[in-house]
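Structure first, then comments.
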Number of protein chains: 2
Amino acid sequence: MSKSAKRTYSAYSSDAMHLLGATIRAERKTKKMSQQELAERAGVARSVIQRVEKGDMTCGVGIVFEVAHIVGIPLFSAEPSRLAHHIRQVEDKLTLLPKTIHKKKKVINDDF
Amino acid sequence: MSKSAKRTYSAYSSDAMHLLGATIRAERKTKKMSQQELAERAGVARSVIQRVEKGDMTCGVGIVFEVAHIVGIPLFSAEPSRLAHHIRQVEDKLTLLPKTIHKKKKVINDDF
DNA sequence: TCTATACGACCTCTATATCAGTCATTACTT
DNA sequence: AAGTAATGACTGATATAGAGGTCGTATAGA
């Protein structure tokens with residue numbers, strides 16, 4: 001966004017992040033960890049943990065994933081050992097798809 | 001991370017983002033969308049789409065979620081309508097948990 | 001009760017993510 | 001085979017995320 005035009009997000013994305021943040025907070029408390037402790041484990045400032053738990057969309061995705069992982073939240077409902085397998089699956093699929101997408105006609109159905 | 005101490009991520013987080021990026025690319029192609037088109041729909045620069053599809057951990061979580069949603073990838077394997085429900089569930093759970101987490105005294109095992 | 005501390009809400013500063021381009025190469029479409 | 005569009009890999013400028021702190025309040029434990 002060039003100027004100070006604030007970025008907008010769909011309700012779905014906002015809700016998803018809100019849910020993730022609340023889940024992280026719940027799991028942290030369940031595991032009896034303080035924000036400070038979680039911050040140290042993740043290697044980030046406490047202020048960042050606060051933003052993550054509030055569902056701030058501007059946090060780095062790597063930080064959010066890392067924090068979620070530390071408190072034991074599975075990403076994509078996949079166990080660690082299955083991720084590599086899924087990656088291979090998707091990459092196999094990618095080799096079957098065209099390398100570039102050329103638009104010729106209208107094909108896309110907008111669902112907004 | 002004050003200086004140029006590069007942030008590190010666990011293999012699980014890296015794999016998860018790698019998988020997400022590859023899945024986004026695959027879904028974009030399946031839907032016959034170009035990077036440019038996806039960028040415009042998401043309201044970001046094309047270079048950001050490239051980084052997202054490469055699994056760059058430093059992308060904003062909001063941008064990644066938004067892009068994933070546009071190409072039709074469900075977050076947390078939850079349908080849009082279920083998210084609000086899950087949010088309430090977690091927030092109910094939160095009210096039952098302590099507001100602050102005080103570290104209990106170190107359990108002393110100084111018997112060596 | 002009393003007290004150490006976890007938390008929320010701020011702040012400033014610096015590193016960097018994002019934007020908006022360019023260019024060369026590749027790969028679709030006709 | 002030619003033409004055109006898509007992609008990958010860059011760039012510089014600028015907005016902003018994250019670091020690291022402060023302060024006041026609230027809370028869990030003793």
Side-chain angles (χ1 to χ4, degrees), chain A residues 1-9 17 21-22 24-26 28-67 94-108, chain B residues 1-9 17 21-22 24-26 28-67 94-108:
Chain A
M1 295 271 132
S2 36
K3 293 230 139 181
S4 49
K6 215 131 243 165
R7 190 185 298 287
T8 62
Y9 302 96
M17 187 55 202
I24 286 171
R25 169 164 296 186
R28 170 177 66 78
K29 291 187 172 180
T30 299
K31 300 212 160 49
K32 307 230 185 303
M33 242 184 277
S34 68
Q35 290 180 343
Q36 183 62 44
E37 206 184 327
L38 179 53
E40 283 165 10
R41 281 224 226 169
V44 301
R46 186 172 69 95
S47 55
V48 175
I49 298 295
Q50 293 187 70
R51 286 172 47 224
V52 169
E53 291 189 352
K54 275 210 278 200
D56 191 323
M57 303 291 267
T58 69
C59 298
V61 65
I63 290 176
V64 174
F65 279 17
E66 196 72 16
V67 169
L94 269 171
T95 63
L96 301 176
L97 288 165
K99 296 208 166 58
T100 68
I101 303 296
H102 286 246
K103 311 245 38 140
K104 50 200 268 190
K105 287 258 186 160
K106 228 222 117 131
V107 186
I108 315 135
Chain B
M1 300 272 138
S2 35
K3 292 229 138 193
S4 50
K6 208 155 270 176
R7 189 185 297 287
T8 61
Y9 301 96
M17 186 54 202
I24 286 171
R25 170 164 294 187
R28 172 178 64 80
K29 290 188 173 182
T30 299
K31 300 212 162 46
K32 308 225 186 305
M33 244 183 277
S34 67
Q35 291 180 344
Q36 182 62 45
E37 206 185 328
L38 179 53
E40 283 164 9
R41 284 223 222 171
V44 301
R46 187 172 68 92
S47 55
V48 174
I49 298 295
Q50 294 187 69
R51 286 173 47 228
V52 169
E53 291 190 351
K54 276 210 275 201
D56 191 323
M57 303 290 268
T58 69
C59 298
V61 65
I63 290 177
V64 174
F65 279 16
E66 196 71 15
V67 169
L94 270 172
T95 64
L96 301 177
L97 288 165
K99 294 205 167 61
T100 68
I101 303 295
H102 287 246
K103 302 279 4 164
K104 39 189 51 175
K105 285 273 215 295
K106 196 146 63 148
V107 180
I108 315 158

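Just so you know, these numbers use all the heavy atoms, side chains as well, and skip hydrogens, waters and symmetry mates. Source: prediction; values computed, not measured. Per chain, numbering begins at 1; letters A, B, ... match sequence-line order.
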Legend entry - Atom pair CD (A:Gln36) and CD1 (B:Ile101), whose distance is rounded to the nearest 0.5 Å: 14.0 Å
Legend entry - Toward the 5' end of DNA chain C, by each residue's nearest nucleotide, A:Pro98 or B:Val61: B:Val61
Legend entry - Nearest-Å distance for atom pair CG/P, residues B:Leu97 and C:dC7: 12 Å
Inset, instruction - Drop me the distance from A:Thr100's OG1 to B:Lys29's NZ, to the nearest 0.5 angstrom. - result: 7.5 Å
Legend entry - Whole-Å gap separating P (C:dC7) and CD (A:Glu40): 12 Å
Inset, instruction - For A:Thr58 and A:Arg51, test the side chains for any donor-to-acceptor distance below 3.5 angstrom and give the result as yes or no. - result: yes
Inset, instruction - Please report, rounded to the nearest Å, how far the P atom of D:dC10 is from the CG atom of B:Asp56. - result: 14 Å
Inset, instruction - Let me know, please, whether B:Glu53 or A:Thr58 comes out on the 5' side of the other along DNA chain D by nearest nucleotide. - result: B:Glu53
Inset, instruction - Return yes when atom NZ of A:Lys54 has more than 12 non-hydrogen atoms of other residues, nucleotides or ligands closer than 6.0 Å, and no otherwise. - result: no
Inset, instruction - Find the distance between CD (B:Glu66) and CE (A:Met57) and round it off to the nearest 0.5 Å. - result: 6.5 Å
Legend entry - Test log, rule side chain to side chain contact (heavy atoms under 4.5 Å, CB included), inputs B:Asp56 and B:Met17: CA-CA 7 Å; B:Asp56 191 323; B:Met17 186 54 202; 6.0 Å; no
Inset, instruction - Could you tell me, to 10°, how much the axis swings from one end of the helix from C:dT1-D:dA30 to C:dT30-D:dA1 to the other, five pairs per end? - result: 80°
Legend entry - Length of the OH-P vector between B:Tyr9 and D:dG18, whole Å: 9 Å
Inset, instruction - Mind calculating the distance between CZ (A:Arg51) and P (C:dC11) to the nearest angstrom? - result: 15 Å
Legend entry - Pairing of A:Glu53 and A:Arg28 as salt bridge, 4.0 angstrom limit: yes
Inset, instruction - For B:Leu94 and C:dC7, give me the distance from atom CG to atom C1', rounded to whole Å. - result: 14 Å
Can you give me the N/O atom pairs linking the protein to nucleotides 4-7 of chain D at distances under 3.5 Å, or say none if there are none?
unit_1	atom_1	unit_2	atom_2	d
D:dA6	O3'	A:Ile101	N	3.4
D:dT7	OP1	B:Arg28	NH1	2.8
D:dT7	OP2	B:Gln35	N	2.7

Inset, instruction - Measure the spacing between CG of A:Leu97 and CZ of B:Arg25 and express it to the nearest 0.5 Å. - result: 11.0 Å
Inset, instruction - Provide, to the nearest angstrom, the distance between the CE atom belonging to B:Met57 and the P atom belonging to C:dT18. - result: 14 Å
Inset, instruction - Answer yes or no: does a side-chain N or O of B:Lys54 lie under 4.0 Å from OP1 or OP2 of D:dA9? - result: yes
Inset, instruction - Can you tell me the distance, in whole Å, between the CD1 atom of A:Ile63 and the C1' atom of C:dT16? - result: 12 Å
Inset, instruction - Take B:Val67 and B:Arg41, measure what side chain to side chain contact (heavy atoms under 4.5 Å, CB included) needs, and give me the verdict at the end. - result: CA-CA 8 Å; B:Val67 169; B:Arg41 284 223 222 171; over 6 Å; no
